[in-house]
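Residue numbering restarts at 1 for every chain, and letters A, B, ... go by the order of the sequence lines.
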Protein chains: 2
Amino acid sequence: MNTAASRRRPATIHDVAREAGVSRGTVSRVLNGGHYVSPTAKAAVEAAIRRTGYVVNRHARSLITGRSDSVAFLLTEPQERFFEDPNFNVLLRACTQALADRDIPLILMIAGTEDERRRNLRYIEAGHVDGVLLVSSHSGDPVVTRLHEAGVPVVACGKPLGQTARIGYVAADDRGGARDMVRHLYASGRRRIATVGGPLDTPGGVERLAGYRETLDECGLPADETLIATGDYSRASGEEAARVLLERAPDIDAVFVASDLMAQGVLDTLARAGRRVPEDIAVGGFDDSPAALSSRPALTTIRQPWDRISAEMVRTLLARIAGEEPSAVILPTALVRRESA
Amino acid sequence: MNTAASRRRPATIHDVAREAGVSRGTVSRVLNGGHYVSPTAKAAVEAAIRRTGYVVNRHARSLITGRSDSVAFLLTEPQERFFEDPNFNVLLRACTQALADRDIPLILMIAGTEDERRRNLRYIEAGHVDGVLLVSSHSGDPVVTRLHEAGVPVVACGKPLGQTARIGYVAADDRGGARDMVRHLYASGRRRIATVGGPLDTPGGVERLAGYRETLDECGLPADETLIATGDYSRASGEEAARVLLERAPDIDAVFVASDLMAQGVLDTLARAGRRVPEDIAVGGFDDSPAALSSRPALTTIRQPWDRISAEMVRTLLARIAGEEPSAVILPTALVRRESA
DNA sequence: CATGCGTCTGTGAGCGTTCACAGTAGAGAA
DNA sequence: TTCTCTACTGTGAACGCTCACAGACGCATG
């Protein structure tokens with residue numbers, strides 16, 4: 001290993017070819033799958049690559065193929081909300097690793113402000129990445145349309161709301177998860193089941209509320225709008241929503257909360273109001289975030305399969321890049337029983 | 001804007017040159033700072049760029065310049081620990097944005113396993129990035145040495161321990177922060193001040209403990225090894241460490257804990273032992289993470305200037321890439337007074 | 001024996017930039 | 001006038017790779 005030499009001038013495909021006694025073309029073929037290469041030549045090339053420490057120059061390759069062999073992870077959130085969300089960490093981490101398995105670097109992009117959005121779109125539309133993993137919770141996000149119009153392969157995390165364009169996405173079964181939780185509350189004898197929903201311009205907000213409504217109906221409980229409050233997924237909004245609920249309907253015996261963070265806030269308010277959980281009121285969360293474990297009592301919640309979501313996002317994005325049509329993937333959630341319900 | 005046309009074949013520098021009635025060379029000069037270009041030509045080129053929607057092909061540029069105009073954010077942690085750490089989010093986010101301001105994409109790399117480490121090193125050593133923002137807490141990390149030997153510009157977050165190689169880094173003033181906290185505890189009348197330190201193979205663990213020791217000495221309090229416990233920054237380890245401390249020294253009236261997460265664990269144990277905070281025992285944390293605000297009572301803690309740390313990491317890395325010598329930057333922390341002390 | 005086919009190999013061209021160099025024009029100095 | 005200097009401009013040659021093509025070889029088929 002000529003470490004010193006390879007540092008000052010990295011080995012090129014020429015060096016490998018010379019070393020192996022073959023032509024550039026043959027080396028290139030070995031690099032790209034090894035079809036139409038004799039076993040002898042292939043072995044010689046592989047040995048030469050090892051000896052020279054050759055690593056392909058991706059820029060040169062990209063220049064001619066037109067592919068960049070990289071993928072953007074684009075986060076479009078006005079606030080820092082997502083970065084505080086523990087789910088986001090899991091998602092980002094798992095996507096990075098799923099891509100790394102295929103030797104594709106992940107480029108992290110954050111488009112909080114209008115300016116950042118413009119810059120990132122410019123970068124993406126210039127063809128500097130082959131595709132985009134999109135994390136954008138809000139409906140009517142102009143980024144989605146722009147990317148779609150530019151013909152850039154996109155896979156969104158969660159169903160993009162209010163989007164006419166056919167765009168691929170991967171999501172947890174929010175509605176099913178909500179149903180499971182409300183059924184669980186009902187099965188444990190609760191009959192006055194309230195809910196704290198998420199923002200209605202997010203898919204989670206819409207679907208989880210729908211699941212709640214469906215299940216109430218299915219169980220024969222009356223639809224009662226005073227039992228429905230809405231938050232913005234923050235802890236503070238959970239506190240506030242619980243206050244409102246207690247005032248409007250003091251006799252509630254269960255709350256299904258659309259996120260663990262909000263559920264923490266709900267627990268705070270309930271504790272302050274002297275209600276015991278789960279004796280007086282059962283509380284069900286959503287996400288199975290670390291907060292669910294650290295809250296007192298520990299939260300019964302719905303686990304979203306983030307590892308599978310990430311894996312599917314990467315898989316479908318690569319399929320899309322390879323020319324397949326956009327697809328929608330919905331993955332099942334799981335009820336996690338702890339102390340609060 | 002010929003959106004349709006520009007999609008099937010993006011404008012090249014040739015198109016711009018033709019459109020502006022100048023040569024490739026002139027366009028290139030405008031693109032790279034505009035020196036030695038007449039105002040007329042410059043204006044013509046800029047207009048042509050706008051009309052054609054031209055965006056530079058970074059692959060072609062990189063091929064000849066040898067630079068990639070991208071930077072890696074490399075996380076080397078055996079466990080998921082860092083991803084759970086709220087500080088990490090702030091750091092990653094701020095670095096991404098500081099780089100975006102300079103139009104440099106951030107490539108996220110995670111080297112948890114040995115295999116991932118090898119792959120990422122291979123990528124970096126091949127020159128696919130111009131430099132590395134390194135987040136690695138443990139001493140003796142082989143990655144640091146490898147990168148240094150390969151001559152890749154590196155800036156670490158936190159002082160790399162046990163490293164002979166001169167490597168640039170940016171860190172919060174852990175020792176000073178610890179001093180501030182212990183002085184604060186002393187000033188509020190506490191005289192039996194214990195500590196729960198971090199792992200001693202992390203710079204935070206070492207420095208914060210040192211600051212604790214120095215301040216005890218400075219205040220004329222006796223050095224007492226039974227007052228020192230160690231955790232691994234996790235909440236559970238905080239619980240355990242507090243148990244140990246209470247057993248060894250039931251008369252303690254203050255604890256300086258080297259992280260907010262551990263401090264939460266300490267609070268749990270104290271509550272279970274019937275000790276009131278801050279009446280019986282004062283508790284000081286470190287990090288000013290969201291956990292500090294949500295714990296009951298809210299934690300008095302030390303804020304690390306993550307936004308400035310990120311900005312400095314990016315600044316010094318770019319300086320290093322430009323040829324400057326590695327530098328060490330230590331940034332001041334701030335005491336945040338809440339209820340626990 | 002010619003023909004065709006499948007497997008393997010080398011060669012030239014070109015991807016879109018930057019860089020070094022050569023060259024032009026105009027201003028000022030000798 | 002002539003020379004020099006500065007400001008500006010255009011041109012060819014890379015950078016390292018892939019792709020299309022052409023050619024060579026062995027083998028089976030007609």
Check the distance between D/dA22's C1' and A/Tyr36's OH and give it to me in whole angstrom. 15 Å
Residue whose nearest DNA chain C nucleotide is more 5′ - B/Leu31 or A/His35: A/His35
Identify, between B/Lys42 and B/Ala60, the residue whose nearest nucleotide on DNA chain D lies closer to the 5' end. B/Lys42
Would you please confirm or rule out a distance under 4.0 Å between OP1 or OP2 of C/dG10 and any side-chain N or O of A/Ser23? yes
Do the side-chain N or O atoms of A/Thr26 get closer than 4.0 angstrom to the phosphate oxygens (OP1, OP2) of C/dG10? yes
Do A/Val71 and A/Leu133 have side chains that get closer than 4.5 Å, going by heavy atoms? yes
Using whole Å, report how far CZ of A/Arg29 lies from P of D/dC17. 15 Å
Distance in angstrom units between B/Arg24 CZ and D/dC15 C1', rounded: 14 Å
Mapping B/Ser28 and A/Ser38 to their closest nucleotides on DNA chain C, which lands nearer the 5' end? A/Ser38
Under 4.0 angstrom, heavy atoms only, what part of the nucleic acid is B/His59 near: base, sugar-phosphate, or nothing? nothing
Here the distance between atom P of C/dT18 and atom CG of B/Asp69, to the nearest Å, is 10 Å
Can you see which heavy atom on A/Cys157 is nearest to which on A/Leu91, and at what distance? SG-CD2, 3.8 Å
Among C/dT17, C/dG14, D/dT9, which nucleotide sits nearest the side chain of B/Val56? C/dT17
B/Arg58 to A/Tyr123 - nearest heavy-atom pair and separation: NH1-CE1, 3.4 Å
Regarding the side chain of B/Ala41, the nearest nucleotide among D/dT9, C/dT17, C/dT18 is D/dT9
Considering non-hydrogen atoms only, spot the tightest contact between A/Asp69 and A/Ile104 and give its length. O-CG2, 3.7 Å
Rounding to an integer number of Å, can you tell me how far A/Leu63 CG sits from D/dC15 P? 14 Å
Minimum heavy-atom distance B/Ser68-B/Asp130, with the two atoms named: N-OD1, 2.8 Å
Answer yes or no: does a side-chain N or O of B/Asn32 lie under 4.0 Å from OP1 or OP2 of C/dT18? yes
Write down the distance between CZ (B/Arg61) and C1' (D/dC17), rounded to a whole number of angstrom. 20 Å
Return the value, rounded to whole Å, for the distance between atom CD1 of A/Ile64 and atom C1' of C/dG12. 12 Å
Nearest-angstrom distance from the residue atom CD1 of B/Ile13 to P of D/dG12: 16 Å
